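All values below come from the heavy atoms of this structure, side chains included, with hydrogens, waters and symmetry mates left out. Not measured: the values here are computed from a predicted model. So you know, we letter chains A, B, ... as the sequences are listed, proteins then strands, and number each from 1.
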2 protein chains.
Amino acid sequence: MAIAPSSSAASADSGSADVSPAFSPLYQQIKTLITRGLQEGDWKPGEAIPSEMELAQRYRVSQGTVRKAIDELAADNLLVRRQGKGTFVATHAEEKIQFRFLRLKADDGSDPRMDRSILECRRVRAPADVARALELRSGDAAVQIRRTLATEGQPLVLDEIWLPGHLFRGLSVERLSEWRGPFYGLFETEFGVRMIRAEEKIRAVAADEVSSPLLQVPLGTPLLSVERLSMTYGEKPVELRRGLYRTDSHFYRNELS
Amino acid sequence: MAIAPSSSAASADSGSADVSPAFSPLYQQIKTLITRGLQEGDWKPGEAIPSEMELAQRYRVSQGTVRKAIDELAADNLLVRRQGKGTFVATHAEEKIQFRFLRLKADDGSDPRMDRSILECRRVRAPADVARALELRSGDAAVQIRRTLATEGQPLVLDEIWLPGHLFRGLSVERLSEWRGPFYGLFETEFGVRMIRAEEKIRAVAADEVSSPLLQVPLGTPLLSVERLSMTYGEKPVELRRGLYRTDSHFYRNELS
DNA sequence: GAGTGGTCTAGACCACCAC
DNA sequence: TGGTGGTCTAGACCACTCA
C-alpha cells in the first residue's frame, strides 16, 4: 500500500468527474481492498476479519487509517464491530430479526411472526423481464419460488422469487422447507450468495384471480405490490422478488431522513 | 467541557441500560451541545456554524473530537460539510431536489416535476387521532391543508396535511400559493420549524367518493396510502401528512440496506 | 495567502471480552 | 492478563475556496 497521495488514481470508489486526477484517499483504497477480500471470500459471513493492527501492518498504513475504512464498511452493513472481540463479516444467518428486509408491521406496531409455506420451486427459462432485471441472457435458467407468509392463520404475503439458475443449482422445495430462518440465510450458507442491498418499487394493485384466493381476499381488494431487486457485492443483482402484501391489519413501515 | 471520561452521565444519547454508569464519550457530549445550539437557533438553516478549530477551543477539546461529533451530525443530515468553506446547517430551502421526502418516481425512473394546487387551508380543532399523533391536547388548534400534486395535467397525489396551530399562526391559502418550492422550505423560513426526520406507514387502499374525483380515477381504484409523521429537533412531531398516490404510471421507490 | 474542511500519523489510555 | 475495538490528543500536511 501507501501509494503517494498525490499520485495516480489506483482505484477510485464512487462517481467523480472524468478528466480530473480523481485520486482517492488512502482509507478509500484500504476500503476497496477489504471489500475485495469480502467479495473473494477471504473471510466468510460470520467470521472475524483480522484486527485493525494486523491490517494496518499488512497494508503499511496507520491503525487510524484502517479504522476509518472499517468505519465506513460497518456503516454500510458489510462489517459488524464488536468491542473487545473483533470485527466480523455481516451475515443474514445469525440475525435476531427474522426478516431484515421485510418492513411489515402489525397495526399495533409489533413485529408479526410469520409462518412460511412454499407453494412451488422450479427451474425454468427466465422470462424476458426477469432476465433483464437479473442481467441474464434471455433463455438462461432461473429458479422460480412461490410462497406465502401467514401470521396467526391469516395469509399476509404472497411472494414470487426469481434467482439466477447458475448460482442456485440444487435448490428444491425440500431444501427450502427444511430451512429454519430467513431465505437470505440459506442463500448465504448454502450457495455463498450474500445480499447486500436492495431496491424496492412499491405500488398499489388489485387482487386478481391468482392472488385473491391465496391471500383469502375478495377479487379487486387493494394490495401492496413490492418489487424488490437485491444486489450482492459489486452491485450485481441476484434476486428479484415480487410480493403482494395485505395491508388491512398491517402496514409497510419506512423511515425518511 | 471536558468532563472526566469516567465520571457521571452528563447527557446520554441513544437508549442504554438504566442502572449502569452509562457515561458518554466526549464527542457525544459535543454532539449534544451542537444539537442544542441548532435547536435553540444559535445558527439558522443555511448558515455556517463556527469552524472546527473555534468549536474545539470553545469546548476545550481537540479538533479531532469536534470533527467526530460533526461527522455524525452530518451523517444524520443535520449539518452539511463543504470543503474549503465551512460547515452549514442543513436546510430544505435551498435544495436542488424539489421534494426531498417524496419518493415517487415515474415508471421510466425519472423524477416527475409536480404542479401544486391548494384545495383548502383552515384552522380547526384537531380531531382526536391527529391530536394524538402531534401530541396536542384534544381541542387544540390545528392547521389543515389539502392539496393535490399533478404531473403533465394528471393528478398524482392528494395530500391532507395537519400542523400544530400554535406553531403556524398566519398560515393561509395565499401564503401557500405564493410560495415557490417545497412546503418544508416555507415552514422553515417563515415559521422556524425544520423537519429532521419522518416515519411513514404505507398501505394499499381503494379510492373513495372524495379521492376518486380529485385523482380522476374510478371508485375503488387501488391507491397508495402514505401516512407520514415528521419530527423536528428532539423527536417532537410537527406534521402529520396523509397522502394518496396514484401508482398506475409511477411508483414509490425505497432502498434497503 | 489565509482559512476551512480532509487525510494521515503516532501514541496514550479506556472499556470490553476471553482465557 | 493480553488482545480487541473505542476515545482522545497533537501535529503535520493536503485540497478547496475566496478575497
Side-chain angles (χ1 to χ4, degrees), chain A residues 1-7 9-10 12-14 16-17 20-32 34 43 47-75 79-90, chain B residues 1-7 9-10 12-14 16-17 20-32 34 43 47-75 79-90:
Chain A
M1 247 311 98
I3 292 176
S6 293
S7 76
D13 197 61
S14 37
S16 194
S20 62
F23 67 100
S24 53
L26 250 188
Y27 77 87
Q28 285 285 6
Q29 302 179 32
I30 305 297
K31 198 179 158 187
T32 303
I34 297 177
W43 317 290
E47 288 180 10
I49 69 170
S51 74
E52 296 180 353
M53 272 309 192
E54 191 183 328
L55 289 173
Q57 287 164 358
R58 180 181 306 184
Y59 297 138
R60 313 296 213 84
V61 298
S62 80
Q63 187 251 13
T65 300
V66 170
R67 181 151 244 285
K68 175 138 189 178
I70 293 181
D71 274 347
E72 296 206 349
L73 292 170
L79 296 177
V80 177
R81 297 169 164 287
R82 280 183 231 157
Q83 179 169 147
K85 300 180 71 174
T87 301
F88 298 78
V89 182
Chain B
M1 246 310 101
I3 293 177
S6 293
S7 75
D13 196 60
S14 37
S16 195
S20 64
F23 67 99
S24 52
L26 251 188
Y27 76 88
Q28 286 284 6
Q29 302 180 33
I30 305 297
K31 198 178 157 188
T32 303
I34 297 177
W43 318 289
E47 288 180 11
I49 69 171
S51 74
E52 296 180 353
M53 272 308 192
E54 191 183 328
L55 288 173
Q57 288 164 358
R58 180 181 308 184
Y59 297 138
R60 311 299 214 85
V61 298
S62 80
Q63 187 251 13
T65 300
V66 170
R67 181 150 246 282
K68 175 139 188 173
I70 293 182
D71 274 346
E72 296 206 350
L73 292 169
L79 296 177
V80 177
R81 296 170 164 290
R82 280 183 231 157
Q83 180 169 146
K85 300 180 73 174
T87 301
F88 298 78
V89 182

Can you name the residues that form a side chain to side chain contact (heavy atoms under 4.5 Å, CB included) with Ser51(A), not counting sequence neighbours?
Met53(A), Glu54(A)
If you only use heavy atoms from C-beta on, which nucleotide in dG5(D), dG5(C), dC8(D) is closest to the side chain of Ser51(A)?
dG5(D)
May I ask you to say what Arg82(A) touches in the nucleic acid, namely base, sugar-phosphate or nothing, with a heavy-atom cut-off under 4.0 Å?
sugar-phosphate
So what's the dot-bracket for DNA chain C: Watson-Crick or G-U pairs under 3.5 Å, [ ] if a pair crosses, | if it pairs off-strand?
||||||||||||||||||.
Out of curiosity, Ile49(A) CD1 to Ile34(A) CD1, how far, rounded to the nearest 0.5 Å?
5.0 Å
Atom CD1 of Ile70(B) and atom P of dG5(C) are separated, to the nearest Å, by 7 Å
Find every protein N or O atom lying less than 3.5 Å from an N or O atom of nucleotides 16-19 of chain C, and list the pairs.
| unit_1 | atom_1 | unit_2 | atom_2 | d |
| --- | --- | --- | --- | --- |
| dC16(C) | O4' | Gln83(A) | OE1 | 3.1 |
| dA18(C) | OP1 | Lys85(A) | NZ | 3.4 |

Could you state the OH-P distance from Tyr59(B) to dC8(D), rounded to the nearest angstrom?
15 Å
Taking dG5(D), dA10(D), dT7(C) as options, the one with an atom nearest any side-chain atom of Arg67(A) is dG5(D)
In terms of heavy-atom contacts, Val89(B) and Leu79(B) come closest through CA-CD2, 4.0 Å
To the nearest Å, give me how far apart CE (Met53(A)) and P (dG6(D)) are.
14 Å
Proximity to the side chain of Glu52(A) - top-ranked nucleotide from dT7(C), dC8(D), dG6(D)
dG6(D)
Mind checking what makes side-chain hydrogen bond (donor to acceptor under 3.5 Å, both in side chains) contact with Arg67(B), not counting sequence neighbours?
Glu52(B)
Grab the NZ-P distance between Lys31(A) and dT7(C) for me, whole Å please.
11 Å
If the cut-off is 4.0 Å, is Thr87(B) near the phosphate of dG5(C), judged by side-chain N/O to OP1 or OP2?
yes
OP1 or OP2 of dT9(C) under 4.0 Å from side-chain N/O of Thr65(A):
yes
Nearest whole angstrom, please: distance from the C1' of dG5(D) to the NZ of Lys68(A).
18 Å
Hits for side-chain hydrogen bond (donor to acceptor under 3.5 Å, both in side chains) against Thr87(A), two or more places apart or cross-chain, chain-then-number order -> none
Could you work out, with side chain to side chain contact (heavy atoms under 4.5 Å, CB included) as the rule, every residue matching Glu47(B), not counting sequence neighbours?
Trp43(B), Lys44(B)
Using a 4.5 Å cut-off on heavy atoms from C-beta on, say whether the side chain of Ile30(B) contacts that of Leu55(B).
no
Starting from C1' on dC8(D), measure out to CD on Glu72(B) and report it in whole angstrom.
15 Å
Write down the atom of Arg58(A), the atom of Pro50(A), and the distance for their closest heavy-atom approach.
NH2-CG, 3.7 Å
When rounded to the nearest 0.5 angstrom, what distance separates OH in Tyr59(A) from OG1 in Thr65(A)?
13.0 Å
CG of Asp71(B) versus C1' of dG6(D): gap in Å, rounded?
15 Å
The side chain of Pro25(A) is closest to which nucleotide in this list: dT7(C), dT9(C), dC8(D)?
dT7(C)
What distance separates Arg81(B) CZ from Leu73(B) CG, expressed to the nearest 0.5 Å?
9.0 Å
Look at Arg81(B) and dG6(C) and indicate whether a side-chain polar atom (N or O) is within less than 4.0 Å of OP1 or OP2.
yes
Specify the separation, in whole Å, of atom CD1 of Ile30(B) and atom P of dT7(D).
14 Å
